[in-house]
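All ligand and atom numbering here is 1-based and tracks the order in the structure.
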Amino acid sequence: MHNLLTQLTQILGTSGIVTGSAVAERIGTYWHPQPMQALAILRPANTEQLCACLKLCHQVGQVLIPLGGNTGLAEATACTAQDIMLSLERMQAIEDIDSIGRHVTVQAGAILERVQQEVNKHDLLFPVDLGARGSCTIGGMLATNAGGFGVLCHGMMREQVLGLEVVLADGTLISALNSYQKNNSGYDLKQLFIGSEGTLGVITRAVLRLKPLPRANATALLTANSFSQVTALLQHLDRHGMGALCAFELMWKSFWEMNIGDYAELNRSFTQSYPFYVLVEFQGQHTEQLTALFEATLEQAYEQELFCDALIAQSEAERHTFWAIREAYEAEERYFDRTQGFDVSLAIREMDTFVNLLDSRLKALDPRAILLVFGHLADGNLHLTTGFHQPLPDPQQVEEIVYSTLAEFKGAVSAEHGIGLEKKPYLSYSRKPEEIDLMRRLKHLLDPQGILNPGKVFDLQPSSTEIQQTALNALCGDPQT
Ligand SMILES: Cc1cc2nc3c(=O)[nH]c(=O)nc-3n(C[C@H](O)[C@H](O)[C@H](O)COP(=O)(O)OP(=O)(O)OC[C@H]3O[C@@H](n4cnc5c(N)ncnc54)[C@H](O)[C@@H]3O)c2cc1C
């Protein structure tokens, strides 16, 4: 092992590798911020160094965990004391902004917020945005196919990618830095790596699509008495908003009341309390035109009784306040002795039934359980927080209730955060054994030694239950289809 670290230091130089007690000065993962454990942290300065490190580790079967900003929420960067972290922190360059072709070429360690700021200077927008923007990297966002705000009109990370440069486990460089919208020349290999959570290759560069920078926003908080009113409102804004609708974020009353504390003044503007609160936003180029469209669309919606009450943001500061309520989570963490978060997808029309059923099952487990819900409703994505006081129920029992209820609705156990270690036991609740088997075969093909983030997303070997289920499906057909 000493020999391996010596050879890696020869490739990277002493500033390119962190070893010993300096490793523990960094934090482990987002949910478990204990000191990081790792044999070393590699910090290549360029793709050539990174290829050389992978080639060497592949030869000796050394496990490597690709690392971006470490803001992932699924324990996908968890590391043992025998593993080596492969950090992209020295590969942050924004290499080229093509304002005619509307794309940007970045190194994978570039921080999202910096990419956003740099392209804004060219009157362009990189449209994926999320709360971790100050720390998360383009490579990590690609590896988790991150979503966040704006998916409704721009899509997730996958939709932004024109080209990728990736290094395979054995050090082979796959440079597919395509910058064309249209390129059907053979298989679209980049799709394999997007959302693969560092298990199939290390992303080193990306060519990302850009949009014209919007110059106008119109934002409102609306209230509703029923879920059917909310979905009718979504359909109305979608149909009559002329493509300007870019956010439709729904907050259930339980979430709203928990997180409104710091904004009580704003809450008093509503005449009463409601079961649902919706943050809607339009974006466009001309303030006057956009405001007129926004107000006319809302007026029609009000006449058709598609919402009850409205607060329209009168300033940028007020718009930020509306978003701050939607992004808040500190109050719930203070209030409960333990919270557990979930990020799921399911059919929009079934969401309220699912939430009510889940709430009743959690209360059967613990009558004081509280379920807080908000979501990117238009994307079919809900974020659920379960809150408990002492004495605490078994966390796995809570997960089992959430995911088995979700399975009844054919939902997805991860909408945008990925599987990592956290959701690995539940992957089979939303993916069929044959799908997981194909994932394993791809993993084996691209990383035969199993050195890249092994044990994340799925185990390298199928469990006996999976083998039995596959055999049963082959005999009797799949009950899920
Ligand atoms: C406050 C907060 C808000 C968030 N909001 C959202 C949200 O709205 N929507 C959403 O989708 N997500 C959200 N996230 C989670 C989101 O997944 C991450 O913030 C981001 O996508 C991960 O980027 P990262 O650079 O921190 O990656 P890391 O956490 O470092 O890594 C994540 C995964 O990617 C792999 N990886 C990292 N870099 C590379 C690379 N170069 N090549 C190959 N694999 C790599 C890692 O091995 C790991 O599997 C949020 C997180 C936080 C903390």
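Residue Ala146 approaches ligand 1 through these ligand atoms, each under 4.0 Å from one of its heavy atoms: 11 (O), 21 (O). Heavy-atom proximity to Leu88, at under 4.0 Å, picks out these atoms of ligand 1: 41 (N). Heavy-atom contacts of Thr144 reach the following atoms of ligand 1: 17 (O), 21 (O), 32 (C), 33 (C) (cutoff under 4.0 Å). Residue contact check: Asn453 has heavy atoms under 4.0 Å from atoms 47 (O), 49 (O) of ligand 1. Heavy-atom contacts of Gly72 reach the following atoms of ligand 1: 26 (O), 29 (O) (cutoff under 4.0 Å). For ligand 1, the atoms lying closer than 4.0 Å to a non-hydrogen atom of Gly198 are 43 (C), 44 (N). Counting atoms of ligand 1 from 1 in the listed order, those under 4.0 Å from a heavy atom of Glu197 are 47 (O), 49 (O). Listed by number with element, the atoms of ligand 1 under 4.0 angstrom from any heavy atom of His417 are 10 (C), 12 (N), 13 (C).
One option in Gly69, Ala132, Ser135, Gly147 has a heavy atom closer to atom 2 (C) of ligand 1 than any other, and that option is Ala132. Evaluated by nearest non-hydrogen atom to atom 15 (C) of ligand 1, the leading choice among Ile65, Leu50, Leu73, Val151 is Leu73. Around atom 53 (C) of ligand 1, the closest heavy atom drawn from Phe149, Tyr30, Tyr329, Phe193 belongs to Tyr30.
Distance from atom 6 (C) of ligand 1 to its nearest protein heavy atom, with residue and atom name: Leu130 CB, 3.7 Å. The nearest heavy-atom contact from the protein to atom 28 (P) of ligand 1 is Asn70 N, 3.5 Å. For atom 36 (N) of ligand 1, the nearest protein heavy atom (residue, atom name, distance) is Ala143 CB, 3.7 Å. Remark: minimum distance from atom 42 (N) of ligand 1 to any protein heavy atom is reached at Ile203 N, 2.9 Å. Of the protein's non-hydrogen atoms, the one nearest atom 46 (C) of ligand 1 is Pro66 O, 3.1 Å. Nearest protein heavy-atom neighbour of atom 31 (O) of ligand 1: Thr77 CG2, 3.5 Å. Of the protein's non-hydrogen atoms, Gly140 N, 3.5 Å is the one closest to atom 38 (N) of ligand 1.
Of the charged side-chain nitrogens involved, at least one lies within less than 4.0 Å of a carboxylate oxygen, so that Arg43 and Glu89 count as a salt-bridged pair. Between Asp98 and Arg102 no salt bridge is recorded (no basic side-chain N to carboxylate O distance below 4.0 Å). Between Arg205 and Glu165 there is a salt bridge, since at least one side-chain N of the basic residue sits less than 4.0 Å from a carboxylate O of the acidic one. A salt bridge links Asp459 to Lys424: at least one charged side-chain nitrogen sits closer than 4.0 Å to a carboxylate oxygen. Remark: Glu399 does not engage Lys423 in a salt bridge, criterion side-chain N to carboxylate O under 4.0 Å.
Relative orientation of the His389 and Phe336 rings is tilted, given thresholds of 30° and 60° on the angle between their planes. The aromatic rings of Trp252 and Phe276 sit perpendicular, their planes meeting at an angle over 60°, well past the 30° parallel limit.
On a distance-only criterion, His376 and ligand 1 share no N/O pair closer than 3.5 Å. For ligand 1, the polar-atom distance check finds an N/O of Gly68 within less than 3.5 Å of one of the ligand's N/O atoms. For the pair Asn145 and ligand 1, the shortest N or O to N or O distance does not fall below 3.5 Å. Ligand 1 has an N or O atom lying under 3.5 Å from an N or O atom of Gly148, backbone or side chain. For Thr71, a nitrogen or oxygen atom sits less than 3.5 Å from a nitrogen or oxygen atom of ligand 1, counting backbone and side chain alike.
The side chain to side chain contact (heavy atoms under 4.5 Å, CB included) test with Val128 is passed by exactly one of Met141, Gln116, Arg133: Met141. A side-chain hydrogen bond (donor to acceptor under 3.5 Å, both in side chains) with Arg209 is found for exactly one of Gln181, Glu159, His103, His154, namely Gln181.
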Pair Phe255, His383 - check ring-ring contact (aromatic ring centres under 6.0 Å, His included), show working. CA-CA 10 Å; Phe255 173 88; His383 293 294; 9.9 Å; no

Apply side-chain hydrogen bond (donor to acceptor under 3.5 Å, both in side chains) to Asn183 and Ser185, showing your working. CA-CA 6 Å; Asn183 189 344; Ser185 321; 2.6 Å; yes

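Residue contact check for ligand 1: Gly201 places a non-hydrogen atom closer than 4.0 Å to it.
When every heavy atom of Pro395 is checked against every heavy atom of Gln340, the shortest pair comes out as O-NE2, 3.2 Å.
Residues Phe322 and Tyr263 keep their aromatic ring centres 6.0 Å or farther apart.
Lys443 contributes a side-chain N or O that, together with a main-chain N or O of Thr199, makes up a donor-acceptor pair within less than 3.5 Å.
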